[in-house]
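First up is the structure itself, then whatever we jot down about it.
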Amino acid sequence: MQIRLRFAPAPTGVLHVGGVRTAIYNFLYARKMKGKFLLRIEDTDVERSQKEFIDVILNGLKWLKIDWDEEIIFQSKRLDVYRKYAIKLLEEKKAYYCFCSEEELEEERKILRLEKKPVKYSRKCYSKSEEEIKRLLSENREKTVRFLVPDGETKFLDLIHGEITFKNEEIEDFIILRSDGSPTYNFACVIDDRDMGITHVIRGDDHISNTPKQILLYKAFGWEIPEFAHLPMILGPDRKKLSKRHGATSVIEYKEEGFLPEALFNFLALLGWSPGGDVEIISREDMIEKFDIKDCRKSASIFDRQKLLWMNSEYLKRKDLNEIIDLSLEFLRKEKWWKKEYEKDLEYLKKVVELTRERAKVLKDIPYLIEYFYIDDFGYDVEATERYFADPKVFEGLEEIKSELEKIETWDEKKIEEVVRKVADNLKEKHAFLIHPLRIALTGRKVGPSLFKLMELIGKERCIERIRKIIKELWGYIPGKTDLKKF
RNA sequence: GGCCCCAUCGUCUAGUCAGGCCCAGGACAUCACUCUUUCAAGGUGGAGACGGGGGUUCAAAUCCCCCUGGGGCCA
């Protein structure tokens, strides 16, 4: 039999990492078992559901390449279906009308709480006579439909947790249809899962307490009960359920920060599941091959951004350069210094990114890392300048290097290195004595990739010009006195 | 408050189902050293955990019970 799984988000908020991970596990399991992975939008709560969130959720899934089979099911288009099934339960006396007002119910609960009894609906409306119900209905009174919870206990075998049992007496006669005729979560969920032919329900373990209610509904309808697997939650650093307080909530924000979708997918897949052994970086194909819902952990895990960053940099190192370029361009175009004409020389961009990519943890780092390969007027790092321009002899060395560089005919890394080292030797100074100031001259910074490689890329003319410029601007520089802020 | 779930380094986890191979392995982070023109990356090494108490057993991270702690749902 082909299994069928689904991811069923409510468009009442953005798609956050917790939701994505649930989607990932459903997706992986479906692919592993050669089944189907479906999508359902639970938009029955008209007040809190927003169209924009649907797009946000869909875009997030698409970005992560979590693609779904078949058409998306929208609950808002199935309201008639839910009503039909509610009436069926009503007719079979497995559900009943409740005319209690919110105030009445609150009053009831208050008393129960005072008496330290379980807060549960009194079933008051269940004992109403046929005539009374008829009368109340004809008066067009506000009403809900409640499910009549039978006696006994409800147990199920959770694929992750094992057997879980609830006593039915702890479950109140829950509402299945609200007064506005819309279905409640548990009711719509069961009907949809049944209509969609869902065989396995994989969701967060915040739904464990919903499961017995749903099972009771399956039984009332005489439907086959699907398998359930309840995943542990992803918690914020404060060990509380993920929420807006924890910063980047929407997965799209990870995209905007320059995370690679495959890195986030890998990271999230391994948050709560392990293929066993010491695997960290694992391809999607291998995940599908090795995935088993039974290998999921039972305990909640905390989202560790540090490890995500590390994993992203690993993916960044391995990814095809051309793809990195394409993705980087999106970030570069947001920079004010970036000019459209730079994109004509893709070969140069490629070389520059190749040289700097391993220093990037996210794509967003790229523009900063390559800025000085494009613009010539940058400021000089104050701290570095104070340290490396303390000795006026530095200018002597730079002058010397400048004139030696001018003589170079084949401008390459090796030749440049030779020249720089020779000048330092002639001056009877350590090579670093000139290398550091040179770096400041060429990049304005104290750190970066190999100086000689970077000089090769920047080109002879521009390198010489930059050296000329720093000599001119810093001439007469006195450490600690000269105001470097102006550079 | 009621019910349910969970418990291995700071974090993610392997090992738990089929007890001995585990005085607990890996990864991130951290520290030291190394490489090096700098930073990062890389390499080497260090520190770091079975929440507590009872059982069962020749033997428990692993099985059972209790406590504690954390989380979730309902209100």
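Below, chain A is the first sequence line, B the second, and so on; all start at residue 1.
Of all nucleotides present, only B/U11 satisfies the Watson-Crick or G-U wobble test against B/A27, with each distance under 3.5 Å. B/A41 makes up no base pair with any nucleotide shown, lacking Watson-Crick or G-U wobble contacts both under 3.5 Å. With a cut-off of 3.5 Å on both Watson-Crick or G-U wobble distances, the partner of B/C73 is given as B/G2. Taking a pair to require two hydrogen-bonding distances under 3.5 Å in either a Watson-Crick or a G-U wobble arrangement, B/G20 pairs with B/C58.
Salt-bridge formation is not detected for the pair A/Glu465/A/Arg462: no Lys NZ or Arg NE/NH1/NH2 atom is positioned less than 4.0 Å from an Asp or Glu carboxylate oxygen. A salt bridge between A/Arg359 and A/Asp365 is absent, with no side-chain N of the basic residue lying under 4.0 Å from a carboxylate O of the acidic one. A/Glu172 has no carboxylate O lying under 4.0 Å from a charged side-chain N of A/Arg109, or vice versa, which leaves the two without a salt bridge. Salt bridge annotation for A/Asp376-A/Arg466: present, with a cationic side-chain nitrogen under 4.0 angstrom from a carboxylate oxygen. A salt bridge is defined here as a Lys NZ or Arg NE, NH1 or NH2 lying under 4.0 Å from an Asp or Glu carboxylate O, and A/Glu417 with A/Arg421 meets this definition. Taking a cutoff of 4.0 Å between a charged side-chain nitrogen and a carboxylate oxygen, A/Glu354 and A/Lys350 do not qualify as a salt bridge.
For the ring-ring contact (aromatic ring centres under 6.0 Å, His included) condition, the pairs that include at least one residue of residues 420-440 of chain A, sequence neighbours left out, are A/Tyr388-A/His436.
The side chain to side chain contact (heavy atoms under 4.5 Å, CB included) test applied to A/Val447 returns no partner, not counting sequence neighbours. Here A/Arg297 pairs with nothing under the salt bridge (charged side-chain N to carboxylate O under 4.0 Å, His left out) rule; sequence neighbours left out. With sequence neighbours left out, the ring pair (Phe, Tyr, Trp, His ring centres under 6.0 Å) criterion links A/Tyr82 to no other residue.
When heavy atoms are screened at a 4.0 angstrom cut-off, A/Glu170 is found touching the sugar-phosphate backbone but no base atom. Across all strands shown, A/Pro212 has no heavy atoms under 4.0 Å from either base or sugar-phosphate atoms. In this structure, A/Ile164 reaches the sugar-phosphate backbone alone: every heavy-atom distance under 4.0 Å involves primed, P, OP1 or OP2 atoms, never a base. At the heavy-atom level, A/Phe166 lies under 4.0 Å from the strands shown only through sugar-phosphate atoms. Residue-level contact check: A/Leu308 touches neither bases nor backbone, having no heavy atom under 4.0 Å from any strand. At the heavy-atom level, A/Gly272 lies under 4.0 Å from the strands shown only through sugar-phosphate atoms. Within the 4.0 angstrom heavy-atom criterion, base atoms lie near A/Lys446. Across all strands, A/Lys317 comes closer than 4.0 Å only to sugar-phosphate atoms, never to a base (heavy-atom distances). Contact annotation for A/Arg109: backbone-only contact, meaning every heavy-atom pair under 4.0 Å involves sugar-phosphate atoms and none involves a base. Across all strands shown, A/His436 has heavy atoms under 4.0 Å from sugar-phosphate atoms exclusively, and none from any base. Heavy atoms of A/Ser313 sit nowhere under 4.0 angstrom from any nucleic acid atom. Here A/Arg297 lies in heavy-atom contact (under 4.0 Å) with a base. Residue A/Leu271 is in sugar-phosphate contact alone, with no base atom involved, counting any heavy-atom pair closer than 4.0 Å across all strands shown.
If A/Asn210 and A/Tyr388 are placed on RNA chain B by their nearest nucleotide, the residue sitting closer to the 5' end is A/Tyr388. Nearest-nucleotide mapping onto RNA chain B: of A/Met233 and A/Lys453, the residue sitting toward the 5' end is A/Lys453.
Using atom C1' as the reference point in both B/G20 and B/U62, the two lie 11 Å apart (nearest Å). Nucleotides B/C5 and B/C66 place their P atoms 13 Å apart, quoted to the nearest Å. Spacing between B/A49 and B/U11 at atom P, rounded to whole Å, works out to 12 Å. Spacing between B/G43 and B/C65 at atom C1', rounded to whole Å, works out to 50 Å. Separation of the C1' atoms belonging to B/A14 and B/C28 is 15 Å when rounded to the nearest angstrom. One P atom belongs to B/A59, the other to B/U13, and the distance between them is 33 Å to the nearest Å. Here the separation of B/C64 from B/G19, taken at their C1' atoms, is 13 Å to the nearest Å. Between the P atoms of B/C33 and B/A41, the separation comes to 16 Å (whole Å).
On the nucleic acid side, RNA chain B has its first and last nucleotide under 4.0 Å of a heavy atom of chain A at B/C3 to B/A75, going 5' to 3'.
Of the residues in residues 274-286 of chain A, those lying under 4.0 Å from RNA chain B by heavy-atom distance are A/Ser274, A/Gly277, A/Asp278, A/Glu280.
Taking the centre and axis of the six-membered ring of A/Phe156, the NZ or CZ atom of A/Lys213 falls outside the cone set by 45° and 6.0 Å.
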